[in-house]
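Notes to accompany the following structure.
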Number of protein chains: 2
Amino acid sequence: MRRDIFQAIADPTRRAIIALIAIHAMTPNAIAEQFDISRQAVSKHLRILTECELVNQEYQGREIYYQLEIKKMKQIDKWLEQFRKNWEDRFDALDNLLTTMKGK
Amino acid sequence: MRRDIFQAIADPTRRAIIALIAIHAMTPNAIAEQFDISRQAVSKHLRILTECELVNQEYQGREIYYQLEIKKMKQIDKWLEQFRKNWEDRFDALDNLLTTMKGK
DNA sequence: AAAACGTGCAACCGATTGGTTGCAAATATA
DNA sequence: TATATTTGCAACCAATCGGTTGCACGTTTT
C-alpha cells in the first residue's frame, strides 16, 4: 500500500473532510452527514487519513472524534519548497522583505 | 476523468518527473532514461501532466521538450493556505513579523 | 435486561490506475 | 530513397480505488 500524504489528498472528498476537521474535531457520523456517501465510505476515508497520520482520534464513550493533524500538512509544504523560489507570490515578497531588512 | 493537479502529484514517479523538468526542459526519451519504466509509460505520465496544464511542450524537429509550468504549482500552495495559519513555521514567523510591523 | 446508537471491518463491484507491447506517423540521417 | 530515431496512441492486464451492503462489537439509553 502506497498510502502517503500525496495520495491522501488526491481524492476531492478526502480534501473536503480534511478541510472540515481542520476547524474542529468531528465524529464519522457528523462528517458523513456533510456528504452524499455512506457513513462507511467516510470511515474508509478516515482510515486512509489515519494510516498516513493525518488525523487524531479521540475516543469519547462510543463516539470517536477525528481531528486534523495539521503539522502533517507541512510535509506537502516542504515538497513545494523546491519550486517556491521560482514563482513570485506573497512568500517571495516576504522573503525579499526579510532579505532587505537583513541587509540594512 | 478527474485529472486535477492533486491527482497529478499523487504518483511518486510523476512527482519525480516534475522535479526533473522543473530544472530544465527534457525530452520523453531523456526522462525515461532516469526511470525503470518504459518510454511509453513516461509518455502516459506526461500526457496526464499536460492535461492538467502542469507542463509546456516545445517542439524542436522530431523532439519534444517538456518543461514544468511552475506557476501551476501555486494551485497547491493556494489550497494549503487555509491550513497554514495553524502551523508554526517560517511562514508564520514572517506573518507575525509583518503584523508587528503593520502595528507600529 | 433489552433496545438503540456509533463505529469499524469484510466482502463485493465497477471504474480507474500504472504498467506493458505493438504499431503508425513524422523527422532526421545514410 | 531507404533506414533509423523520436514520439504518441491503442489495446491489453493485474492491482488499486471509491463506493456499496451486511454484520459484529462496544456503549448508551430506556
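Bear in mind the structure is a predicted one, so any value in this text is a computation, not a measurement. So that the names make sense, note that chain A is the first sequence line, chain B the second, and so on, each numbered from 1.
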Exercise for the section: Go through residues 53-68 of chain B and report each residue with a non-hydrogen atom lying under 4.0 Å from DNA chain C, sorted by number. Expected result: B:G61, B:R62

May I ask you to verify whether the side chain of [X] and the base of [N] hold a donor-acceptor pair under 3.5 Å?
X: A:R14; N: D:dG18; result: no
X: A:Q40; N: D:dG19; result: no
X: B:K44; N: C:dG19; result: yes

Does [X] place a side-chain N or O at less than 4.0 Å from the phosphate oxygens OP1/OP2 of [N]?
X: A:T13; N: D:dC17; answer: no
X: B:S38; N: C:dG19; answer: no
X: B:S43; N: D:dG8; answer: yes
X: B:R3; N: C:dT17; answer: yes
X: A:Q7; N: D:dC17; answer: yes
X: A:H45; N: D:dC17; answer: no

If I take atom [atom1] in residue [X] and atom [atom2] in nucleotide [N], what distance separates them, rounded to the nearest angstrom?
X: B:I17; N: C:dG19; atom1: CD1; atom2: C1'; result: 13 Å
X: A:F6; N: C:dT17; atom1: CZ; atom2: P; result: 19 Å
X: B:F35; N: C:dT20; atom1: CZ; atom2: P; result: 13 Å
X: A:D36; N: D:dT20; atom1: CG; atom2: C1'; result: 14 Å
X: A:I9; N: D:dG18; atom1: CD1; atom2: P; result: 13 Å
X: B:L46; N: C:dG18; atom1: CG; atom2: C1'; result: 14 Å
X: B:I37; N: C:dT17; atom1: CD1; atom2: C1'; result: 13 Å
X: A:I48; N: D:dC17; atom1: CD1; atom2: C1'; result: 8 Å

Exercise for the section: Give a yes or no on whether a salt bridge exists between A:R84 and A:E81, defined as a side-chain N under 4.0 angstrom from a carboxylate O. Expected result: yes

So do [Y] and [X] actually touch side chain to side chain, heavy atoms under 4.5 Å?
X: B:T50; Y: B:Y66; answer: yes
X: A:D4; Y: B:R15; answer: yes
X: B:I76; Y: A:F83; answer: no
X: A:D77; Y: B:D77; answer: yes
X: B:M73; Y: A:W79; answer: yes

Exercise for the section: Tell me what A:R47 touches on the nucleic acid: a base, only sugar-phosphate, or nothing, going by heavy atoms under 4.0 Å. Expected result: sugar-phosphate

Exercise for the section: State whether the side chain of A:R14 and the backbone N or O of A:A8 hold a donor-acceptor pair below 3.5 Å, judged by distance alone. Expected result: yes

Handout entry: Flag, side chain of B:S43 to backbone of B:R39, donor-acceptor distance under 3.5 Å
Key = no

Handout entry: Same cluster (ILVMFWY, side-chain, under 4.5 Å), A:L46 and A:I48
Key = no

Exercise for the section: Answer yes if B:I70 and B:I21 sit in the same cluster of Ile, Leu, Val, Met, Phe, Trp and Tyr residues linked by side chain heavy atoms under 4.5 Å apart, and no otherwise. Expected result: yes

Handout entry: Overall bend - the helix from C:dA1-D:dT30 to C:dA30-D:dT1, comparing terminal axes fitted on five pairs, nearest 10 degrees
Key = 20°

Practice task
Identify, residue by residue, the members of residues 18-31 of chain B with a heavy atom below 4.0 Å from DNA chain D, and return them in order of residue number, or none.
Solution key: B:T27, B:P28, B:N29

Handout entry: Gap separating the CG atom of A:L54 from the NZ atom of A:K71, nearest 0.5 angstrom
Key = 14.0 Å

Handout entry: Point-to-point distance, once rounded to the nearest 0.5 Å, from CD1 of A:I9 to CD1 of A:I17
Key = 14.0 Å

Handout entry: Side-chain donor-acceptor contact under 3.5 Å, A:Y65 with A:Q57
Key = no

